[in-house]
There are 2 protein chains.
Amino acid sequence: MRRATVYDVAEEAGVSIATVSFAYRHPGRVKDTTRAKVLSAARKLNYVPSASARGLARGRTGVLGLYSFDLLLEHPLGQPQEFREEDEEDEPDLRAYPLYVDEVQRGFELACWHRGQAVLLSSATASAKGETVTDIAGRVDGLALFSWSGKLSTLESLAKTIPIVMLSQSGGDLPVLYLSVDNQTGMTEMVDHLVEVHGVRNMAFVGSQEYPEVRERFEIMCSRLSQRGLIAPESAIDEGFDSPQSFASLQKTVAEGRLPDALVCANDQTALGVLDALRELDVKVPDDVVVVGVDGILAGRFASPPLTTIQLHMEQLGRVAADQLAQRDGRPWSEPKTMTVSARLRVRQSCGCNPTKQRTRSL
Amino acid sequence: MRRATVYDVAEEAGVSIATVSFAYRHPGRVKDTTRAKVLSAARKLNYVPSASARGLARGRTGVLGLYSFDLLLEHPLGQPQEFREEDEEDEPDLRAYPLYVDEVQRGFELACWHRGQAVLLSSATASAKGETVTDIAGRVDGLALFSWSGKLSTLESLAKTIPIVMLSQSGGDLPVLYLSVDNQTGMTEMVDHLVEVHGVRNMAFVGSQEYPEVRERFEIMCSRLSQRGLIAPESAIDEGFDSPQSFASLQKTVAEGRLPDALVCANDQTALGVLDALRELDVKVPDDVVVVGVDGILAGRFASPPLTTIQLHMEQLGRVAADQLAQRDGRPWSEPKTMTVSARLRVRQSCGCNPTKQRTRSL
DNA sequence: CTGAAAGCGCTAACAA
DNA sequence: TTGTTAGCGCTTTCAG
């Protein structure tokens with residue numbers, strides 16, 4: 001049976017299609033009895049209004065979009081469709097989920113739902129790298145993007161069509177909202193804490209320099225160090241520590257006895273990798289060397305030792321993105337705009353602190 | 001500046017609108033040079049095809065939807081728009097996120113993304129309880145629903161319009177796919193484990209009987225107990241343990257010295273509540289009483305003691321839902337269908353077992 | 001308060 | 001290989 005349309009409902013109710021539409025969209029402008037007739041006809045025919053048609057007529061979809069990259073997609077998916085029976089012992093990997101992207105997404109969703117708005121989620125896939133973004137852009141009134149690795153021209157086009165938020169991107173000159181985290185405050189607090197509380201003098205930075213965000217953190221660290229009259233490292237240890245073999249240079253450093261006082265990692269995932277590597281090399285954290293991260297992902301909290309980190313308020317980031325997009329109501333920004341979300345030091349034990357923990361609950 | 005349309009692109013490229021459409025949708029049926037002309041015109045005009053128009057013309061949106069209830073929405077949202085500075089000590093609440101819903105959602109997303117399909121997320125809100133579901137149904141080619149508390153008639157209408165998956169609902173007679181977890185196997189394994197390994201004779205069940213899924217688990221437990229020649233409890237302890245005051249009856253039980261050997265909880269969240277309550281009453285787990293749950297949420301893994309549970313493969317659930325919906329390609333099911341996803345016992349320490357844990361990594 | 005009618009931007013026969 | 005054209009289902013002036 002064909003899906004019921006306004007025409008069917010109008011006929012069943014004995015009114016015009018305009019009245020059917022009004023009954024839903026402008027209830028005040030229709031007599032109550034008429035409205036009742038319409039609604040009852042609709043129910044009888046299982047009428048479900050087509051959002052496509054409405055969107056077309058109104059020039060607005062009422063949906064906000066969030067576009068991710070596929071980092072998170074590839075790894076945990078494993079064998080895509082098939083179900084792999086897990087060992088009893090093999091707990092799901094905290095390092096795969098939830099990550100900071102998931103928290104941003106959650107904030108985005110919460111903000112939209114609170115407004116009664118739907119969220120469209122999409123993701124670049126390894127095959128169609130960034131191709132699908134235009135497709136999703138055509139479906140929404142506003143779009144938030146995680147780090148963009150596709151063509152700049154694609155982005156430019158989109159930015160002229162709908163409002164775009166670039167997440168975790170500290171700035172640029174496209175007419176979009178660059179929404180990032182306050183690396184400045186966070187990294188500064190971290191350096192100060194390590195220097196003042198733990199007497200760190202010799203601070204190294206670990207992180208893949210490929211990402212602008214990572215480079216920014218490194219630079220902030222160096223400049224704060226200089227400000228305090230300490231020597232900043234010439235360069236970062238350029239490793240992401242996402243693969244087991246990436247700890248070669250660290251191994252070398254240890255072997256040569258040039259381990260610094262502290263290893264500041266560009267993010268928690270890197271820090272966890274470093275923690276693993278150090279354990280294998282029999283280096284004690286925090287006794288032999290201090291290790292800290294940035295992000296505040298869950299896995300860091302349960303690492304051993306629990307990871308001192310800069311807690312980014314990712315959920316807040318997602319929420320702001322959604323709220324800002326909603327405000328634009330489909331109108332693209334006409335010039336670059338920048339906003340920042342706070343980040344604060346969260347002291348746990350990998351820096352040498354020993355926060356007292358009294359558990360009053362089982363968690 | 002108005003958004004560019006097929007007409008604009010066609011004019012710019014000196015072709016007809018059909019050719020523009022073909023250039024995108026049926027690249028093979030257009031001469032390469034023509035296609036190039038079209039694409040270049042499109043780029044020049046920042047053309048972003050309207051999904052509304054396409055959806056209308058095709059009678060299909062290409063999007064799959066997932067509709068949640070607002071349980072997860074209300075609590076963690078707190079003061080909606082405002083940002084509340086958290087105490088240093090105040091870590092995000094593991095009991096609020098991630099929960100099993102989040103894992104299902106993740107599976108749903110992964111399956112869709114893998115197929116290059118977008119996902120539309122929406123949620124009932126306290127104000128518009130289940131009203132919005134029809135709206136979202138009009139936007140998608142298939143919809144998965146978490147436990148439905150709205151009007152049955154609404155659901156019936158939807159089920160005649162698009163394919164619907166009911167998640168965690170063990171069966172019914174609507175023409176939808178009821179997709180649930182294999183409670184039978186899981187609960188049976190649990191009962192057997194407690195009886196055989198821990199010598200439990202006197203087993204109680206805790207959980208709010210309001211939910212069908214919970215009642216089902218209780219019944220399975222009872223019948224397995226009977227099968228084994230043990231006495232099944234007459235009734236469950238009908239508490240959700242989501243509010244602090246809900247432990248009154250448990251308190252009474254303890255006071256009267258009628259604590260059973262084991263408290264089997266309808267889900268992990270309840271179990272965590274029970275753990276808290278017992279701690280307050282100074283009852284030791286697992287020494288004085290065994291406590292187990294169902295779900296396998298993250299919080300249970302980090303509870304103290306770590307919670308023995310039935311691990312539901314929620315991600316798998318979401319994945320199957322998405323795959324099944326995609327297969328239907330917009331055609332509703334014509335009769336009820338049922339599928340089940342596996343669930344297995346995950347032994348940790350709250351049952352009295354003491355799984356050896358050797359950490360080779362920091363996590 | 002209700003109806004007639006003109007699009008909204010795109011797809012897919014069908015023709016050429 | 002490309003163009004013409006008739007919808008897809010809904011919203012929204014503008015008349016009545």
Side-chain angles (χ1 to χ4, degrees), chain A residues 1-39 41-42 45-63 134-135 137-141 161-162 330, chain B residues 1-39 41-42 45-63 134-135 137-141 161-162 330:
Chain A
M1 197 184 67
R2 226 183 76 271
R3 258 165 85 146
T5 71
V6 266
Y7 298 98
D8 305 317
V9 176
E11 190 178 344
E12 175 74 29
V15 299
S16 75
I17 60 164
T19 302
V20 174
S21 179
F22 281 151
Y24 282 95
R25 308 303 156 204
H26 308 283
R29 296 170 63 169
V30 174
K31 219 199 296 176
D32 272 0
T33 57
T34 315
R35 187 169 133 82
K37 265 194 305 187
V38 169
L39 293 184
L45 300 176
N46 302 316
Y47 174 58
V48 177
S50 152
S52 294
R54 185 178 344 134
L56 181 55
R58 289 225 270 224
R60 198 124 301 171
T61 65
V63 174
T134 306
D135 175 87
R139 301 173 178 279
V140 297
D141 295 338
T161 309
I162 52 169
Chain B
M1 197 182 68
R2 226 182 77 269
R3 260 165 84 144
T5 71
V6 265
Y7 297 98
D8 304 318
V9 176
E11 189 178 344
E12 175 75 28
V15 298
S16 77
I17 61 165
T19 302
V20 174
S21 180
F22 278 157
Y24 283 95
R25 308 305 154 203
H26 308 282
R29 297 169 64 169
V30 174
K31 217 198 296 175
D32 273 0
T33 56
T34 315
R35 187 170 134 82
K37 265 194 304 187
V38 170
L39 293 183
L45 300 176
N46 302 315
Y47 174 59
V48 176
S50 151
S52 294
R54 181 175 350 131
L56 180 56
R58 289 226 270 224
R60 200 122 300 171
T61 65
V63 174
T134 305
D135 175 87
R139 302 173 178 278
V140 297
D141 295 338
T161 310
I162 52 170

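Atom set for the values below is all heavy atoms of this structure, side chains included, hydrogens, waters and symmetry mates excluded. In what follows, chains carry the letters A, B, and so on, assigned in the order in which the sequence lines appear, proteins first and then strands, with residues in each chain numbered from 1.
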What residues from residues 30-37 of chain B pass a heavy-atom cutoff of under 4.0 Å to DNA chain D?
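Residues of residues 30-37 of chain B under 4.0 Å from DNA chain D: B:Val30, B:Lys31, B:Thr34.
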Under 4.0 Å, heavy atom to any atom of DNA chain D: which of residues 12-24 of chain B qualify?
B:Val15, B:Ser16, B:Ile17, B:Ala18, B:Thr19
What is the distance from [atom1] of [X] to [atom2] of [N], rounded to the nearest Å?
| X | N | atom1 | atom2 | value |
| --- | --- | --- | --- | --- |
| B:Tyr7 | C:dC8 | OH | C1' | 9 Å |
| A:Arg58 | C:dG9 | CZ | P | 15 Å |
| B:Arg25 | C:dT11 | CZ | C1' | 9 Å |

Residues in side chain to side chain contact (heavy atoms under 4.5 Å, CB included) with B:Ser21, at least two apart?
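Scan of B:Ser21 (side chain to side chain contact (heavy atoms under 4.5 Å, CB included), adjacent residues dropped) gives B:Arg25.
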On DNA chain D, which is the earliest and which the latest nucleotide, 5' to 3', with an atom closer than 4.0 Å to a heavy atom of chain A?
D:dG9 to D:dT13
Closer to the 5' end of DNA chain D via nearest nucleotide, is it B:Gly28 or A:Arg3?
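Its nearest nucleotide being more 5', the pick is B:Gly28.
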Below 4.0 angstrom, N of the basic side chain to O of the carboxylate: do B:Asp141 and B:Arg58 qualify?
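No salt bridge links B:Asp141 with B:Arg58.
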Where is the tightest heavy-atom contact between [X] and [Y], given as atom of each residue plus distance?
| X | Y | answer |
| --- | --- | --- |
| A:Ile17 | A:Ala10 | N-CB, 3.7 Å |
| B:Ala4 | B:Leu45 | CB-O, 3.5 Å |
| A:Leu56 | B:Ala53 | CD1-CB, 3.8 Å |
| B:Val38 | B:Val15 | CG2-CG2, 4.1 Å |
| B:Ala13 | B:Ala41 | CB-CB, 3.8 Å |
| B:Tyr24 | B:Ala42 | OH-CB, 3.2 Å |

Run the side-chain contact (heavy atoms from CB on, under 4.5 Å) check on A:Arg54 and B:Asp135 step by step: do they pass?
CA-CA 11 Å; A:Arg54 185 178 344 134; B:Asp135 175 87; 3.3 Å; yes
Rounding to 0.5 Å, atoms CZ (B:Arg29) and OG1 (B:Thr34) come to a distance of 14.0 Å
How far does CZ of B:Arg139 sit from CZ of A:Arg139, to the nearest 0.5 angstrom?
12.0 Å
Which angle, rounded to 10°, do you find between the first-five-pair axis and the last-five-pair axis of the helix from C:dC1-D:dG16 to C:dA16-D:dT1?
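The value is 30°.
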Give me each pair satisfying side chain to side chain donor-acceptor pair (under 3.5 Å) with a member in residues 1-19 of chain A, each pair once, sequence neighbours excluded.
A:Arg2-A:Asp8, A:Thr5-A:Asp8, A:Glu12-A:Lys44, A:Ser16-A:Thr19
How do B:Arg29 and B:Tyr47 order along DNA chain C: which one's closest nucleotide is nearer the 5' end?
B:Tyr47
